[in-house]
2 protein chains.
Amino acid sequence: MSRTASSTDVFAAIADPTRRAILDLLRQGEQPVKQIAQPFKMSLPAISQHLSVLCEVELVTQRKKGRQRFYRLNPEPLKQVSDWVNHYEQFWQEKLDILGDYLEDNP
Amino acid sequence: MSRTASSTDVFAAIADPTRRAILDLLRQGEQPVKQIAQPFKMSLPAISQHLSVLCEVELVTQRKKGRQRFYRLNPEPLKQVSDWVNHYEQFWQEKLDILGDYLEDNP
DNA sequence: TTTTTAGTTAAGCAAATACTTAACTATTAT
DNA sequence: ATAATAGTTAAGTATTTGCTTAACTAAAAA
C-alpha cells in the first residue's frame, strides 16, 4: 500500500508557522501571491516555496489569471489532522459533553 | 508576551510520524521506554530523543519507578491543534450539522 | 518592441532534524 | 563487590528545511 506524499505529509506542511499563517489568510478567499506575501517579512521566493509545499499536499490549489496566480484554500486534507486529534479529544471534555448530552436525548 | 517552546512547537512535535505513533501507543496508558520502543525499528536512543521532544512540549510526562521511566500521555497541548484545525471545519460539515441542529433546538 | 510586473526556478548556505554508535548514570540482581 | 538492566547523554553524520540572491519565464503596459 503506497502512501502518497500528499496524504502523509500534511502534518509536516502545517508544522511551519508561516504556512499556517498563509492558510489562515486564505480563509478570506483566494488571493494572488503578492497579496499573500505582503504581511510577511520574508522574500517573495520564500513565500512561493511555502506555497508549493502547500500545493504538494493539496492544501491549496492554483488558478492562473493573466500574469497573476491565485491560490485558493483546500482544507480537505486537514481532515486527516482533525481525525487524528479527535482520538485525544476525550481529554478536553466541554464540546463532547454538549454533543454527548444531545446524543443521550436523541438516541 | 513571550511564547514558550512548549506552546509554540506542538505542531512541530506532531509532524514526525514516529512521535505520533508514540502518542498513539500511550493512549493505552503509561509505559516504560523499552515497551514504547519495542514496535519501532530504530534504536533506543532514537526513541529516547523523541520522548524528550514530546516532553518539552508537554505532550508526555515522566514518572520514575525503580530503574524504569514511565511515560504518560498528556494530550492537553493538542487542544492548540484542535482549535486551529476547527477554524477549517466548516468544510467537512457532518459533525457540525449535528451540533448545529442541537444548538438550534436549545438556544 | 522594450520595459515593467508577477511569479517561479536555480544555486547556495546555515541551521535544524532524525538518526547512529559509544560512553555514561542509576538502579536492581547475583 | 560485580554484573546486568533501564535509560539518558554525547558526539558525529547525512539529510532536510527555510531562507537568501540571482537568473529566468510569461503576460501586460508603454
Side-chain angles (χ1 to χ4, degrees), chain A residues 3-26 29-73 77, chain B residues 3-26 29-73 81:
Chain A
R3 305 193 298 169
T4 62
S6 58
S7 82
T8 56
D9 288 311
V10 182
F11 286 89
I14 65 165
D16 186 271
T18 302
R19 283 195 293 266
R20 286 199 303 282
I22 290 175
L23 294 175
D24 288 342
L25 266 182
L26 291 179
E30 67 171 10
Q31 291 175 44
V33 177
K34 228 188 175 187
Q35 195 174 331
I36 295 169
Q38 202 195 313
F40 300 97
K41 286 178 190 167
M42 66 193 74
S43 68
L44 205 59
I47 298 297
S48 184
Q49 286 155 23
H50 280 305
L51 286 169
S52 35
V53 172
L54 293 174
C55 236
E56 270 161 32
V57 300
E58 287 164 26
L59 277 168
V60 300
T61 56
Q62 247 187 356
R63 180 173 70 87
K64 280 184 75 167
K65 171 149 197 179
R67 57 188 157 184
Q68 298 187 98
R69 280 183 207 191
F70 287 84
Y71 281 86
R72 172 192 288 275
L73 179 64
Chain B
R3 305 196 298 171
T4 62
S6 58
S7 81
T8 57
D9 287 315
V10 182
F11 286 89
I14 65 166
D16 186 272
T18 302
R19 283 194 294 265
R20 286 200 303 281
I22 290 175
L23 294 176
D24 288 342
L25 267 181
L26 292 179
E30 66 172 9
Q31 291 174 45
V33 176
K34 226 187 178 187
Q35 195 174 331
I36 295 169
Q38 202 193 312
F40 299 97
K41 286 178 190 166
M42 66 193 76
S43 67
L44 205 61
I47 298 297
S48 184
Q49 284 156 24
H50 280 305
L51 285 169
S52 36
V53 171
L54 292 173
C55 235
E56 272 162 33
V57 301
E58 286 163 26
L59 277 168
V60 301
T61 56
Q62 248 186 354
R63 179 173 72 88
K64 281 184 75 166
K65 171 149 196 180
R67 55 186 158 185
Q68 298 185 100
R69 280 182 207 192
F70 287 84
Y71 281 86
R72 171 193 288 274
L73 179 64
V81 179

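Predicted model only: the values in this text are computed from it and were never measured. A, B, ... follow the sequence lines: proteins, then strands. Residue 1 opens every chain.
In this structure, B:Ile22 atom CD1 and D:dG7 atom P are separated by 13 Å, rounded to whole Å. A straight line from CD of B:Glu56 to C1' of C:dT17 spans 13 Å, rounded to a whole angstrom. At whole-Å resolution of the value, CD1 in A:Ile47 and C1' in D:dG18 are 11 Å apart. The interatomic distance linking B:Lys34 (NZ) with C:dT27 (P) rounds to 18 Å, in whole Å. For the pair A:Ile14 CD1 and D:dG18 P, the interatomic distance rounds to 13 Å; values are reported in whole Å. In this structure, CZ of A:Arg19 is placed 8 Å from C1' of D:dG18, rounded to the nearest angstrom. Rounded to a whole Å, the CG atom of A:Leu54 is 13 Å from the C1' atom of D:dG18. Rounded to whole Å, atom P of D:dG7 lies 15 Å from atom CZ of B:Phe40.
What you find for A:Ala15 and B:Ala15 is that their closest heavy atoms are CB-CB, 3.8 Å.
Across residues 60-70 of chain A, A:Gly66, A:Arg67 each have a non-hydrogen atom less than 4.0 Å from an atom of DNA chain D (numbered order).
Put simply, A:Tyr71 has a side-chain N or O that comes within less than 4.0 Å of OP1 or OP2 on C:dT8. When the side-chain nitrogen and oxygen atoms of B:Ser48 are compared with OP1 and OP2 of D:dG7, none of them lie within a distance under 4.0 Å.
Inter-axis angle, ends of the helix from C:dT1-D:dA30 to C:dT30-D:dA1, five pairs per end, rounded to 10 degrees: 0°.
For residues 40-52 of chain A, every residue pair satisfying the side chain to side chain donor-acceptor pair (under 3.5 Å) rule, not counting sequence neighbours, is listed here: A:Arg19-A:His50.
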Scan the side chains in residues 29-38 of chain B for donor-acceptor partners under 3.5 Å anywhere in the protein, sequence neighbours excluded, and list what turns up.
from	atom 1	to	atom 2	distance (Å)
B:Glu30	OE1	B:Arg63	NE	3.3
B:Glu30	OE2	B:Arg63	NE	3.2
B:Glu30	OE2	B:Arg63	NH2	2.5
B:Gln31	NE2	B:Leu25	O	3.2

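In this structure, CG on B:Leu54 lies 9.0 Å from CG on B:Asp16, to the nearest 0.5 angstrom. Between the OH atom in A:Tyr71 and the CG atom in A:Leu51 there is a gap of 5.0 Å [rounded to 0.5 Å]. Taken from CG in A:Leu59 to CG in A:Leu26, the straight-line distance is 10.0 Å, to the nearest 0.5 Å. Rounding to the nearest 0.5 angstrom, the gap separating the CG atom in B:Leu73 from the CG atom in B:Asp24 is 9.0 Å.
Legend: residues meeting side chain to side chain contact (heavy atoms under 4.5 Å, CB included) with B:Ala21, ordered by chain and number and at least two apart, are B:Phe40.
Counting heavy atoms from C-beta on, the side chains of B:Glu56 and B:Asp9 never come closer than 4.5 Å. At least one side-chain heavy atom of A:Leu23 sits less than 4.5 Å from a side-chain heavy atom of A:Val60. Under the 4.5 Å side-chain criterion, counting only non-hydrogen atoms from C-beta, A:Val57 is not in contact with A:Pro77.
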**OP:** Between protein and nucleotides 19-25 of chain D, map the contacts as a letter string: B base, S sugar-phosphate only, - none, heavy atoms under 4.0 Å, written 5' to 3'.
**Re:** BBBB---
